[in-house]
Amino acid sequence: MRRIVSLFAALLLCAGLCLPAAAETQYPLSQGIVTDLAGVLSESTAADLAALSEKMTNASLGKFYVVTRHFLGGTDAAVYARALFDAWHLNSDDVLLLMVIGEETYAFAVGTAAKNALSADTQTSLLASHFRSAFLKRDYDGAVAELSLQTAGTLAKAAGVTLNTSGVFGTAAPSSTARPQSASSVWQDMFSLQDYEDEDWPVDTQYSSHVSFNWRGWLIWGLVIYFLFFRKKKKVYDFGHGPKSRRR
Amino acid sequence: MKLKTGTAALIMVILMVFSIGFGAYRGWKKERALVNETYTGLETMLHTRVESAYNLLTVASRHLSADHESIRRVTEDRDILEGRRGLQEKARANERLTLDAAELLKELAALESVQNDSRDRMYVTDYLPQMLAESESLTAKANYNTAAREFNASFNASISGWIARLMGIGPAEEFSAQ
């Protein structure tokens, strides 16, 4: 028993000694949606990010935080982003993007609720296709604009809500809307939903105005209408034996 | 029960010696603990030196090969400062880092690739030298150095310090290359 107590006391002592060391790491204070410590983002980008986050909040989504730093002094970007997310006590549906300018690295930190929509693969895909190229070309405003809109769109689609992004990051911003979650694959085939990225739609257009028919849809609808209205009814022949079989 | 005068005197002397020894031990142990408390501050300052070295090496790796002599030296200094070496060895590495980093920055500034890159040119000519200088200044001003020096001066010069030394308390290790 005494040994157990001694071991427990030793463990407590070790934990006590480790605590000050862990508390040493200092993180910058949050300056709101954008904490641009490297000073690489324009004022308009910061304003647009704040506007986007407000729209996301209004749509019951989390916020999109952006942090820039010149260097991390040997700390891994993903580890730092995660630690910053925790240190700032961000919500579980929030997303934090860390850009390390001097190290040419970046990382996402995503809350537990937002992870349902932004899995590790989705995050990698978003960063690779909507961020990396512009970031490495040092178009930091462009990189943040595209990634934040795509991320917001992904979160909105997953949550099944409509996110109106009009007026954010200029007019080229796509509108992120919810796809019908209950539609079967047959209906989806009939009413093919085009990818918003490929279309130059007005940013605030709603989903219902973007339903388009493909040739299969036309064919199936044509057959349905034909069978309902134009199909000739089969003649029923009576041969004179017994009562008429045809009901009227 | 009657106590002989000699025995009583002996007990008194033993008690006196014990109380002096115990007092010296407790007093110097407390002083030493105060010095140790400032060590955390020195570690934090040394961490800024390590971070500066990492940042410098990040920029340097974009323009020079990994086996370049200056890069190798800065890496070595950084590893010593980051590792679990003695304070004296760390102090030497800290001094060497100032010289090695300056040499590496000079070499980088002379490179055409750095001159053609506005971002890295800013890092090499402004940002990193400033960071290195600040971290060096902070480390030099760390309270631990002063506290350890003052502790050792009075510890070595007093009888109670000599007694405490007999009871197992040693001088504080100074953060000095000498």
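The structure presented is a predicted model; accordingly, all values stated were derived computationally and were not measured. Order of the sequence lines fixes the chain letters, A, B, ..., with proteins taken first and strands second; residue numbering starts at 1 for each chain.
Aromatic ring orientation, A:His70 versus B:Tyr123: perpendicular (interplanar angle above 60°, classes split at 30° and 60°).
B:Asn55 contributes a side-chain N or O that, together with a main-chain N or O of A:Gly73, makes up a donor-acceptor pair within less than 3.5 Å.
Chosen from B:Glu82, B:Met131, B:Arg119, the residue pairing most often with chain A at heavy-atom distances under 4.5 Å is B:Arg119.
Only the side chain of B:Met122 has a heavy atom closer than 4.5 Å to any heavy atom of chain A.
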Do B:Tyr54 and A:Thr75 pass the side-chain contact (heavy atoms from CB on, under 4.5 Å) test, and can you show the C-alpha distance, the side-chain angles, and the key distance before you say yes or no? CA-CA 9 Å; B:Tyr54 265 113; A:Thr75 309; over 6 Å; no
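The environment of CD in A:Glu54 is sparse: at most 12 heavy-atom neighbours from other residues, nucleotides or ligands sit within 6.0 Å. More than 12 heavy atoms of other residues, nucleotides or ligands sit less than 6.0 Å from atom CG of B:Leu15. Residue A:Lys55 qualifies as enclosed at atom NZ: its count of foreign heavy atoms under 6.0 Å is above 12. Residue B:Arg121 places its CZ atom among more than 12 non-hydrogen atoms of other residues, nucleotides or ligands, all under 6.0 Å distant. Annotation: B:Tyr25, atom OH; neighbour count of heavy atoms from other residues, nucleotides and ligands within 6.0 Å does not exceed 12.
Considering CG of A:Leu72 and CD of B:Glu51, their distance stands at 8.5 Å, rounded to 0.5 Å.
The pair B:Arg62-A:Glu103 fails the salt-bridge criterion, with no side-chain N (NZ, NE, NH1 or NH2) lying under 4.0 Å from an Asp/Glu carboxylate O.
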